[in-house]
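Just so we're on the same page: letters track the sequence lines, and every chain starts at 1.
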There are 2 protein chains.
Amino acid sequence: MEYTINKLGHLAGISTRTLRYYDEIGILKPARVNSSGYRIYGPKEVDCLQQILFYRELGVSLDQIKNIVTDPAFDGAKALREHREKLLEKRQQLDLLIANVDKTIAHTEGRITMSNEEKFEGFKQKMIEDNEKKYGQEIRQKYGTETVEKANAKVKNMTQEQYDEVTALTEQLTETLAEAFKTGNPAGEQAQNAADLHKRWLTYYWDHYSKEAHAGLAQMYVDDERFKAYYDKEQPGTAEFLRDAILIYTGMKR
Amino acid sequence: MEYTINKLGHLAGISTRTLRYYDEIGILKPARVNSSGYRIYGPKEVDCLQQILFYRELGVSLDQIKNIVTDPAFDGAKALREHREKLLEKRQQLDLLIANVDKTIAHTEGRITMSNEEKFEGFKQKMIEDNEKKYGQEIRQKYGTETVEKANAKVKNMTQEQYDEVTALTEQLTETLAEAFKTGNPAGEQAQNAADLHKRWLTYYWDHYSKEAHAGLAQMYVDDERFKAYYDKEQPGTAEFLRDAILIYTGMKR
DNA sequence: AATTGACTTTGACGTTACGTAAAGGTGTAT
DNA sequence: ATACACCTTTACGTAACGTCAAAGTCAATT
């Protein structure tokens, strides 16, 4: 497959000017130029452009991108896995912003109070991107738990009391699950405790409880990215672990 | 609460230069300047800055933001609801990109084939942001259904055949559900058809089917933003409608 | 009372990642 | 042969700041 500059631009959704610029700064040279000076791109360039766009999407400067993709030791597969992780982080940030909007709406309606600090939660992503280690783990964890809060609360018209309870439950579940995960045994006491907490957490959202539905949801946690990403955030494999624990808890597996 | 330029910058995670620039272009003037020319910001400015940052996050130019926030008819509450919607759209886009990475990884490992078009799926958001009407509905719908595909396929190691089947089922469900929604009757034939399609769709993901789990999932569709946003995308209220249809279908309600 | 150091001010020029013409050559379909 | 949709380079424009520089302000400490 060979592409002229217009075709490639169309394929990737970017302008021809951008492609010429990328050529100019040496970030993406065409495979060859034909007899009349036209830029011709091949499959290798298509893949490289894709990589470039991933980096660009993640806020990396073209200067840095150049260093990365022209590095002879560049590992495309590894880069893709990093992209994946960064994109998941970005989604967490987005969730935080959405939670912020929700809170702000509730605030304007007088339903809750909101500190000025809270009003800017989720905007500091660049600070986080820039120097992740500066604040490091603590902020990550804080943001993590708050992302959940958002997904949970407000959805149902809970009372403040119910909200506090479910928040506490969530924290407890997170802790217990992390502990249990370390044991590696989904049938163990810790894991079964986590499954029980999960059931209690569920009953805040479901009007009726059934083992089948519980087990089904556990499977969803593994199958659906949106959930899996959340549970696997701290420790990859946690989603599967929770599923197994719940399957055992509900008697669907032993 | 009064803030100097440094304090406000710190609060919002932006530089003092940015705040001076926003003053310069008339987008955010300080509440007052003190006797020695220092900019002093009050609570009103804090809220306005939050709005500005939301718009900025969504890719709106400062020029446009100026028009919006300085408009005497500016409705802050309405703006917040729009922010919310746009942020949800942005998350859909992100999901698409994540699906793209996943696919690309699978592709480099030789597990699936991937067209060049697919390699750039999810990157065209700016085209969408810029001129939404240019391509309008069609692209929206296309991206919408593709967002699902992502959530579904690849997660399980489906064969190409299974993948095609589930894709077809998804489309069928979407159409039938949209038709049914128009009737307004979750007990009607159309709606029950949709519920049945949903069951068949489910069986691709769950090893066992139970009415309880099905009904539970339906409730989740309403309670969890991540799902609700997807079903309500075209027609608000669709998530609730689908839940009701399924509750009737499973005999949990009549 | 003087000094230090962290803050503030207004210029003003620099930067990134392109957009937008301008002036001209190329390819092919009518 | 001419229309039209491509392509080229050159070059200036732009948005949203970053980054000095030179100078005034404020509170605390010597």
S.K.: Roughly, in whole Å, what's the span from CG in D63(A) to P in dG18(D)?
M.R.: 17 Å
S.K.: Taking only residues two or more places apart in sequence, or in another chain, which ones meet K182(B) in a salt bridge (Lys or Arg N to Asp or Glu O under 4.0 Å)?
M.R.: E179(B)
S.K.: Yes or no on side-chain contact (heavy atoms from CB on, under 4.5 Å) for F181(B) and L242(B), after CA distance, side-chain angles and deciding distance?
M.R.: CA-CA 8 Å; F181(B) 185 71; L242(B) 178 59; over 6 Å; no
S.K.: Let me spell it out: for each of K7(A) and R17(B), pick the nucleotide of DNA chain D with the closest heavy atom. Which residue's pick is nearer the 5' end?
M.R.: K7(A)
S.K.: Report the distance from atom CG of L19(B) to atom C1' of dG18(D), rounded to the nearest whole Å.
M.R.: 14 Å
S.K.: Which distance, rounded to the nearest 0.5 Å, do you find between the CG of L8(B) and the CG of N116(A)?
M.R.: 9.0 Å
S.K.: Are H10(A) and Y3(A) an aromatic pair by the rule of ring centers under 6.0 Å?
M.R.: no
S.K.: Any base atoms under 4.0 Å from I25(B), or only sugar-phosphate, or nothing? Heavy atoms, all strands.
M.R.: nothing
S.K.: For a quick test of reading the model: is some side-chain N or O of T18(B) closer than 4.0 Å to OP1 or OP2 of dG18(D)?
M.R.: yes
S.K.: Over how many whole Å does the gap from N6(A) atom CG to dT8(D) atom C1' extend?
M.R.: 13 Å
S.K.: Which is the 5'-most and which the 3'-most nucleotide of DNA chain C that has an atom under 4.0 Å from a heavy atom of chain B?
M.R.: dC7(C) to dA12(C)
S.K.: Please state how far atom CZ in R20(A) lies from atom P in dT9(D), giving the value in whole angstrom units.
M.R.: 7 Å
S.K.: Contact list please: residues 28-43 of chain A against DNA chain D, heavy atoms, distance less than 4.0 Å, in numerical order.
M.R.: G37(A), Y38(A), R39(A)
S.K.: Would you kindly give the OH-to-C1' distance between Y21(A) and dA11(D), to the nearest whole Å?
M.R.: 15 Å
S.K.: Using a 4.0 Å heavy-atom cut-off, does T16(A) contact any base of the nucleic acid, only the sugar-phosphate backbone, or nothing at all?
M.R.: nothing
S.K.: Hey, are the side chains of R91(A) and D95(B) touching, using non-hydrogen atoms and a 4.5 Å cut-off?
M.R.: yes
S.K.: Among residues two or more places apart or on two chains, list those pairs meeting salt bridge (Lys or Arg N to Asp or Glu O under 4.0 Å) that have a residue in residues 24-42 of chain B.
M.R.: E2(B)-R32(B), D23(B)-K29(B), D23(B)-R39(B)
S.K.: Starting at CG of L8(A) and ending at P of dC6(D), how long is that distance when rounded to a whole Å?
M.R.: 15 Å
S.K.: Is there a side-chain contact between V60(A) and F54(A) in this structure, where contact means two heavy atoms from C-beta onward sitting under 4.5 Å apart?
M.R.: no
S.K.: Only counting residues at least two apart or in another chain, list the ones meeting salt bridge (Lys or Arg N to Asp or Glu O under 4.0 Å) with E118(B).
M.R.: K103(B)
S.K.: With sequence neighbours excluded, tell me which residues meet ring pair (Phe, Tyr, Trp, His ring centres under 6.0 Å) with Y22(A).
M.R.: none
